[in-house]
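The structure appears below as structure tokens.
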Amino acid sequence: MVAANLSSVRTWPSPSIPTLPGSGAALSLFDTASGEVRPTAPGATATLYVCGITPYDSTHLGHAATYTAFDLVQRVWLDAGHRVTYVQNITDVDDPLLERAAANGEDWQELAAREIARFVDDMTELRLRAPDEWVGVVESIPHVVRAIEALQQAGAVYDLDGDLYFDVMADRRFGSVANLDLDTMLALSAARGGDPDRPGKRHPLDAILWRAARPGEPHWPSPFGEGRPGWHIECVAIAVDDLGMTFDVQGGGRDLVFPHHEVGASQGQVMTGQWPYARLYCHAGMVGYQGEKMSKSRGNLVFVSDLRGDHDAMAVRLALLAHHYREDWEWHDDELAGGQRRLDAWRAAVSWPTGPPAGAVLDEVRARLANDLDAPGALRVIDRWAEEQRVRGGEDPSAPGLVSRLSDALLGVAL
Ligand code: 5CA
Ligand code: ZN
């Protein structure tokens with residue numbers, strides 16, 4: 001079977017972002033590789049790759065929290081005067097998607113198309129900027145093939161019973177993104193889609209690049225025979241094609257640090273002979289529910305689409321922003337009420353014709369966000385202004401409009 005290209009939905013409409021007086025500070029972010037908060041984006045155009053969904057289940061709050069964090073990254077960059085090029089993938093063919101489709105007894109392409117459509121609605125409602133390039137694996141197979149050929153030329157590929165593997169030892173810097181010991185890497189590889197125990201591999205952490213066709217699985221022709229791409233090379237091929245090497249930020253949830261971003265960085269570096277793959281590796285904490293990480297395999301998911309049914313999406317967004325992106329945190333059923341209370345208070349405060357002066361609010365929100373995205377701190381700054389407005393009011397006719405615009409532009413919360 002040769003599967004068709006299913007990515008009919010290209011992207012979603014980006015929210016309009018108001019401009020603000022003056023300009024914001026340069027963004028610093030915590031970099032997983034160096035373990036430090038470092039400045040980002042030295043050039044005029046800031047470049048961001050964020051790992052996208054595997055569309056076999058709808059968007060849960062963990063996805064939404066991660067994408068909201070990287071939405072703030074872009075808003076801070078834009079406010080500081082950068083142009084932004086944002087790329088995201090869709091893992092529209094991979095083991096978990098095929099397994100879920102088989103379990104549901106449905107076509108994997110139909111499953112993916114349905115979940116991609118739901119993701120589009122969720123992203124739109126949450127006012128997340130759309131990627132400039134939103135690329136499915138299926139459509140990027142020619143790039144994956146070229147990437148594997150470049151790795152072959154670098155002598156970093158071997159064949160194991162028809163499957164092609166990337167030799168991680170071909171990159172002398174392998175290990176420098178996650179900085180983990182071998183036992184931890186082996187355990188994470190086994191837990192996250194790798195096959196460290198497969199006999200015949202040169203190194204247990206070597207990662208599959210091209211999986212030869214198996215009965216009942218979709219496959220595409222290639223110079224290496226019929227098959228489909230491995231997971232990590234998909235993101236590398238898309239990122240390097242759309243952003244080139246040494247883009248500003250590789251983003252995703254912390255579950256992707258190893259092996260996904262570690263192996264991806266090595267593949268990019270070996271494939272091009274350049275270093276580094278990304279200037280900075282930024283990871284959002286894991287959102288849990290009922291005592292465990294929210295994950296499709298555990299089934300403890302809270303879906304954005306379910307919450308949106310009964311609540312204002314801006315209350316959902318405020319509930320997510322109340323947690324620092326880098327923390328692991330747990331969703332509780334009262335979070336949404338907290339987001340709604342805050343939204344109501346802010347909306348009431350900006351509905352007056354005048355208010356307390358808000359220039360310092362803008363400065364402080366900018367400063368909080370520029371410092372490793374302190375969104376909870378930024379929310380408290382606006383809370384204080386809204387409380388001042390409620391208790392004492394103010395005379396400044398430009399203040400309510402300014403607070404409304406800065407909430408929209410910098411936090412993505414439209415009042
Ligand atoms: N398609 C791959 C990336 S190439 C993937 O990880 N897909 S995913 O659907 O499982 O996750 C999509 C994004 O949400 C990734 O950036 C992932 O790191 C993040 N994510 C997944 N689960 C959580 C969670 N519980 N909390 C926070 N972020 C999460
Ligand atoms: Zn990825």
Side-chain angles (χ1 to χ4, degrees), residues 32 48-71 73 86-100 111-112 115-116 118-119 122-123 126 128 131 133-138 140 144 147 177-178 188 191-194 207 229-243 247 249-265 267-268 277-278 281-304 320 323-331:
T32 302
L48 173 67
Y49 185 92
V50 180
C51 281
I53 53 162
T54 306
Y56 68 86
D57 228 332
S58 29
T59 326
H60 62 62
L61 283 169
H63 301 137
T66 290
Y67 294 120
T68 301
F70 292 100
D71 188 61
V73 166
Y86 172 33
V87 179
Q88 198 186 109
N89 68 306
I90 311 171
T91 308
D92 57 5
V93 59
D94 198 16
D95 302 346
L97 174 68
L98 301 174
E99 285 160 15
R100 175 62 63 89
L111 171 61
E115 295 305 342
I116 289 170
R118 181 140 47 178
F119 182 71
D122 292 336
M123 298 296 104
L126 289 172
L128 290 149
E133 301 291 339
W134 195 33
V135 192
V137 182
V138 172
S140 54
V144 172
V177 172
L188 289 176
R192 297 175 177 167
W231 175 27
H232 317 305
I233 194 68
E234 119 197 17
C235 282
V236 177
I238 294 169
V240 174
D241 182 52
D242 285 323
L243 297 174
F247 53 93
V249 173
Q250 163 72 70
R254 191 168 296 138
D255 56 335
L256 300 183
V257 175
F258 195 92
H260 190 50
H261 292 165
E262 184 75 65
V263 174
Q267 289 174 342
Y277 178 64
Y281 298 84
C282 181
H283 294 103
M286 289 291 107
V287 181
Y289 185 53
Q290 298 171 332
E292 288 200 86
K293 175 192 144 180
M294 212 177 269
S295 78
K296 293 164 186 171
S297 47
R298 290 196 180 92
N300 58 337
L301 304 178
V302 181
F303 294 120
V304 173
L320 298 173
H323 299 271
H324 194 277
Y325 84 95
R326 246 203 301 148
E327 276 163 25
D328 294 333
W329 57 278
E330 196 166 320
W331 177 262

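Note that ligands are numbered from 1 as they come in the structure, with each ligand's atoms numbered from 1 the same way.
Within ligand 1, the atoms closer than 4.0 Å to a non-hydrogen atom of H60 are 22 (N), 23 (C), 24 (C), 25 (N), numbered from 1 in the order shown. Against a heavy-atom cut-off of under 4.0 Å, G252 is close to the following atoms of ligand 1: 16 (O).
Scanning for side chain to side chain donor-acceptor pair (under 3.5 Å) contacts around Y281 gives an empty result, with sequence neighbours left out.
Rounded to the nearest 0.5 angstrom, H260 NE2 and E234 CD are separated by 6.5 Å. Taken from CD1 in I53 to CD in Q88, the straight-line distance is 7.5 Å, to the nearest 0.5 Å.
Residue contacts with ligand 1 include W231, since one or more of its heavy atoms lies under 4.0 Å from the ligand. Every heavy atom of P55 sits 4.0 Å or more from the atoms of ligand 1. Using a 4.0 Å cutoff on heavy atoms, H283 does not count as a contact of ligand 1. Ligand 1 lies within reach of G52, whose nearest heavy atom is under 4.0 Å from it. Not a single heavy atom of A284 sits less than 4.0 Å from an atom of ligand 1.
Here the side chain of E262 pairs a donor or acceptor atom with the backbone of A178 at under 3.5 angstrom.
Nearby protein atoms of type N, O or S around the Zn ion (ligand 2) amount to 3 (distance under 2.8 Å).
Remark: ligand 1 and M286 share no N or O pair separated by less than 3.5 Å (distance only, no angle test). Considering backbone and side-chain N/O atoms, L256 never comes within less than 3.5 Å of an N/O atom of ligand 1. Every N/O-N/O distance between C235 and ligand 1 stays at or above 3.5 Å. An N or O contact shorter than 3.5 Å is missing between R254 and ligand 1 by distance. The N/O atoms of T54, backbone and side chain alike, include one that comes under 3.5 Å of an N/O atom in ligand 1.
Using bins of under 30°, 30° to 60° and over 60° for the plane-to-plane angle, the ring pair W329/H323 lands in the parallel bin.
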Next on the checklist: For Y277 and Y49: C-alpha separation, side-chain torsions, deciding distance, then whether ring pair (Phe, Tyr, Trp, His ring centres under 6.0 Å) applies.
Outcome noted: CA-CA 11 Å; Y277 178 64; Y49 185 92; 7.9 Å; no
